[in-house]
Trainee: 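Supplied in structure tokens, the structure appears directly below.
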Amino acid sequence: MPEYRILLDGDAPGRDLHQLAQWLRQNTAIRTGAAITLRPAPTAEGEMGAALDVIALITETGFSIANLVLVISTWRRTRPSAPAVVIERGGVRVTVDSDDQAEITRLVRMLESE
């Protein structure tokens with residue numbers, strides 16, 4: 001099953017990460033197609049890791065990455081500082097930092113190509 005990792009940039013990534021995880025769990029399309037967990041991010045040798053700084057989504061067959069990117073884009077609009085959201089899958093890493101539909105479509109295509 002595919003796994004997506006979601007990370008945040010911004011002033012309060014820990015707090016925002018928990019709020020984004022809650023937002024994803026409240027969305028029926030996301031919640032029914034993916035197991036959503038908070039995990040520590042992997043750290044490089046010699047670095048100290050943060051507590052919970054990655055959302056992991058283990059997705060079911062037929063999960064819509066387009067829905068995920070749209071839900072994240074909508075969540076960003078509810079935030080006062082609209083943090084950039086990084087989505088990783090395999091070797092592909094995209095940053096959702098715009099509400100532009102063409103940009104969202106490009107990001108979805110990149111994630112689907114993995």
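No experiment lies behind these values; they were computed from the predicted model shown. Heads up: numbering here begins at 1 and tracks the sequence.
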Trainee: Can you tell me how far CG of Leu70 sits from OG of Ser64, rounded to the nearest 0.5 angstrom?
Mentor: 7.5 Å
Trainee: Kindly indicate whether the side chain of Val69, heavy atoms from C-beta on, has any atom under 4.5 Å from the side chain of Leu111.
Mentor: yes
Trainee: When you measure from the side chain of Arg89 to the backbone N and O of Tyr4, does any donor-acceptor pair fall under 3.5 Å?
Mentor: no
Trainee: Give a yes or no on whether a salt bridge exists between Glu103 and Arg106, defined as a side-chain N under 4.0 angstrom from a carboxylate O.
Mentor: yes
Trainee: Please report the shortest heavy-atom distance between Glu60 and Thr32, naming the atom on each side.
Mentor: CG-O, 4.4 Å
Trainee: Rounded to the nearest 0.5 Å, how far does CG of Leu38 lie from CD of Gln22?
Mentor: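 Separation between the atoms: 11.0 Å.
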Trainee: Please round to the nearest 0.5 Å and tell me the distance separating atom CD1 of Ile87 and atom CE of Met110.
Mentor: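 Answer rounded to 0.5 Å: 11.0 Å.
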Trainee: Do Arg31 and Leu24 come within less than 4.5 Å of each other through their side chains, counting heavy atoms only?
Mentor: no
Trainee: Can you find a side-chain donor-acceptor pair between Ser73 and Arg76 that sits under 3.5 Å?
Mentor: no
Trainee: Can you find a heavy atom in the side chain of Leu57 that is under 4.5 Å from one in the side chain of Leu68?
Mentor: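 They are in side-chain contact.
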Trainee: Any side-chain heavy atom of Val86 within less than 4.5 Å of one from Ile6?
Mentor: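 The answer is no, as the side chains (C-beta and beyond) never meet within the 4.5 Å cut-off.
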Trainee: Show, in sequence, the C-alpha distance, side-chain angles and deciding distance for Thr59 and Glu3, and conclude whether the side-chain contact (heavy atoms from CB on, under 4.5 Å) test is met.
Mentor: CA-CA 6 Å; Thr59 60; Glu3 178 175 345; over 6 Å; no
Trainee: Does any non-hydrogen side-chain atom of Trp23 lie less than 4.5 Å from one of Ile72?
Mentor: no
Trainee: Do the side chain of Arg39 and the main chain of Ile55 share a donor and acceptor less than 3.5 angstrom apart?
Mentor: no
Trainee: CG of Leu8 to CH2 of Trp75: how many Å apart, nearest 0.5 Å?
Mentor: 5.0 Å
Trainee: Between atom CG of Asp99 and atom CD1 of Ile104, what is the distance when rounded to the nearest 0.5 Å?
Mentor: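 Rounded to the nearest 0.5 Å, the CG-CD1 separation comes out at 6.0 Å.
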Trainee: Determine yes or no for a side-chain-to-main-chain donor-acceptor pair under 3.5 angstrom, with Thr95 supplying the side chain and Asp97 the backbone.
Mentor: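 Not a single qualifying donor-acceptor pair exists.
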Trainee: Could you pull out the closest heavy-atom pair between Asp100 and Ser98, with the gap in Å?
Mentor: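 That would be N-OG, 2.9 Å.
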